[in-house]
Amino acid sequence: MKKRHRPQKQSIKERIRNFDEVSHGLTEQDAIEEAKRCLQCKKPLCVAGCPVEIDIPAFIKKIAEKDYDAAIKIIKEKNVLPGICGRVCPQETQCEGVCILGKKSEPVAIGLLERFAADMEKEKQIPEIKEKKATPVAVIGSGPAGLTCASELAKHSYPVTIFESLHLPGGVLTYGIPEFRLPKKIVEEEIEFVKKLGVEIITDTVIGKTLTVDDLRNMGYKAIFIGVGAGLPSFMGIPGENLLGVYSANEFLTRINLMKAYKFPESDTPVNVGKRVAVIGGGNVALDAARCALRLGAKVGVLYRRTENEMPARKEEYENAKEEGIEFHFLTLPIRFIGDENGYLKGIEVQKMQLAEPDESGRRKPVPVPGSETIMDFETAIVAIGQRPNPLLTSTMPELKLGRLGIIVVDPETCQTNISDIFAGGDITTGAATVISAMGAGKKAAHSIMKYLETIQKT
Ligand code: FAD
Ligand code: SF4
């Protein structure tokens, strides 16, 4: 059996000093050969493994036949953000995780092929949209959930407006995931496609502040989708967290991505990370922050309280981070940030941990090893231990049913909230999750909204 093809990558020596994309994807020849590895199963499991149900064998067949226009057309019937998903989806637990080839050898590189088809598309093909219906829908938030919900509605001729609080659309795709994993040009191009479907995007508008949900109803919107994500960083609650040099990953990455702090010295808001940076956490956010700090010239250590086996970050990105020289300190928990006389961070007191029995999340619980405290020297610390929903919008809607940590409770089949004209999906309903799960929810919600609008029109 032929081996899976690997992407071309920027050399390690070069990439640790720039923010350009690390992976160059598959060459045309490799993509064609990789596409030929697909067994074209009659009952493909990969399709069900993809939350937006792309017809994977069909688009792969078209790549094998060098018909790239047809390949991207098939993908876009189900997914309006293929260049993004091909780059950041956790394929190993989605479509590729169930690919039958994976049982005996390695799964087909579905994500890389999706990226290849997206990157080969020269001119974006816009599907024909019939005359607009008379029932407009408002979407709050322009992350993957909002963009997908809006596109699906627009494809079905509904007038849709997205309201976004920031000055640029895209959510985490724009302000969180760094350029070297997801070039902003790709995000901009795919959002441009969403706009060409007829979706209007209004930025700099915070719903719950600039406008309320009732204002949206009064403006004539007949249904509302909330896709405001989970953008509020969690903190550790340990002494010294207010010292200068201690950042949340959210602030750090936003400064890098949205405010272009990495473009030193042109940037108005540069970030000075010093020589030694600690990143606390073991997820994608932690690794993105660590790799940004490395590119700003620092020596970076990731402090994680469990082991590499429990790390939630994508395996590929963990491998990239190790290759680039990020140090990993496993079973290590910060218990105190230590400042100098001017209030700047100079070190972190850490405690060694050991793993006990699995906790309610199914992962083995870390417990402290008594007497194992030591001090590590760092000038910057970036806390990346998770995000929660921001209550800004939901606190203005007292009748909306909320769950644990302020997530919006929805019917999992329909994404409808306890208020009939309000639907929600993505991180605001699950807590921090993935791009494709947010997109899956956005799509499901769009179909429920269409059903809801048909029902109210009949009554
Ligand atoms: P978001 O992407 O958070 O978008 C929500 C949008 O709503 C934002 O633009 C926000 O500004 C806007 N908004 C918020 N409140 C309001 C309001 N009141 N009014 C108007 N607009 C509002 N997932 C992966 O699958 N693969 C990865 O590699 C990956 N890496 C990640 C790296 C980082 C650094 C981070 C932070 C997350 C990563 N994720 C990854 C997770 C993924 O990005 C999220 O799960 C996904 O973006 C959630 O989509 P969403 O649409 O629900 O919310
Ligand atoms: Fe796989 Fe994600 Fe593409 Fe779906 S969108 S086929 S899960 S890579």
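Atoms within a ligand are numbered from 1 in the order they appear, just like the ligands themselves. Just so you know, these numbers come straight off a predicted model, no measurement behind them.
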Strictly below 4.0 Å, N to O, side chains only: are [X] and [Y] in salt-bridge contact?
X    : Y    : answer
K195 : E192 : yes
E21  : R115 : yes
E96  : R4   : yes
D288 : R181 : yes
K73  : E77  : no
E251 : R255 : yes
R37  : E33  : no

Are any of the N or O atoms of [X] closer than 3.5 Å to those of ligand 1?
X    : value
R314 : no
P90  : no
I177 : no

Where does [X] meet ligand 1, judged by heavy-atom distances below 4.0 Å: at the side chain, the backbone, both, or neither?
X    : value
D427 : both
L253 : side chain
I140 : side chain

Distance to 0.1 Å, residue and atom name: give those for the protein heavy atom nearest to [atom].
atom                    : value
atom 32 (C) of ligand 1 : D288 OD2, 3.2 Å
atom 25 (O) of ligand 1 : V435 N, 2.9 Å
atom 7 (O) of ligand 1  : G141 CA, 3.2 Å
atom 38 (C) of ligand 1 : V172 CG1, 4.0 Å
atom 9 (O) of ligand 1  : E164 OE1, 2.6 Å
atom 33 (C) of ligand 1 : V285 CG2, 3.6 Å

Does some non-hydrogen atom of [X] fall short of 4.0 Å from ligand 1?
X    : result
L166 : yes
A433 : yes
T205 : yes
R181 : yes
P144 : yes

Under 6.0 Å from the ring centre and within 45 degrees of the ring axis: does the NZ or CZ of K444 meet both conditions for the six-membered ring of F423?
no
Within the 4.0 Å heavy-atom shell around C89, which atoms of ligand 2 are there?
2 (Fe), 5 (S), 8 (S)
Within this structure, what is the CG-CD1 distance for the pair L81 and I186, rounded to the nearest 0.5 Å?
11.5 Å
When K9 is tested against each of E323, E319, E316 for salt bridge (Lys or Arg N to Asp or Glu O under 4.0 Å), which residue passes?
E323
Go through ligand 1 atom by atom and flag the ones less than 4.0 Å from a non-hydrogen atom of G171.
2 (O), 4 (O), 8 (C), 9 (O)
2.8 Å cut-off met by an N, O or S atom of C50 to atom 4 (Fe) of ligand 2
yes
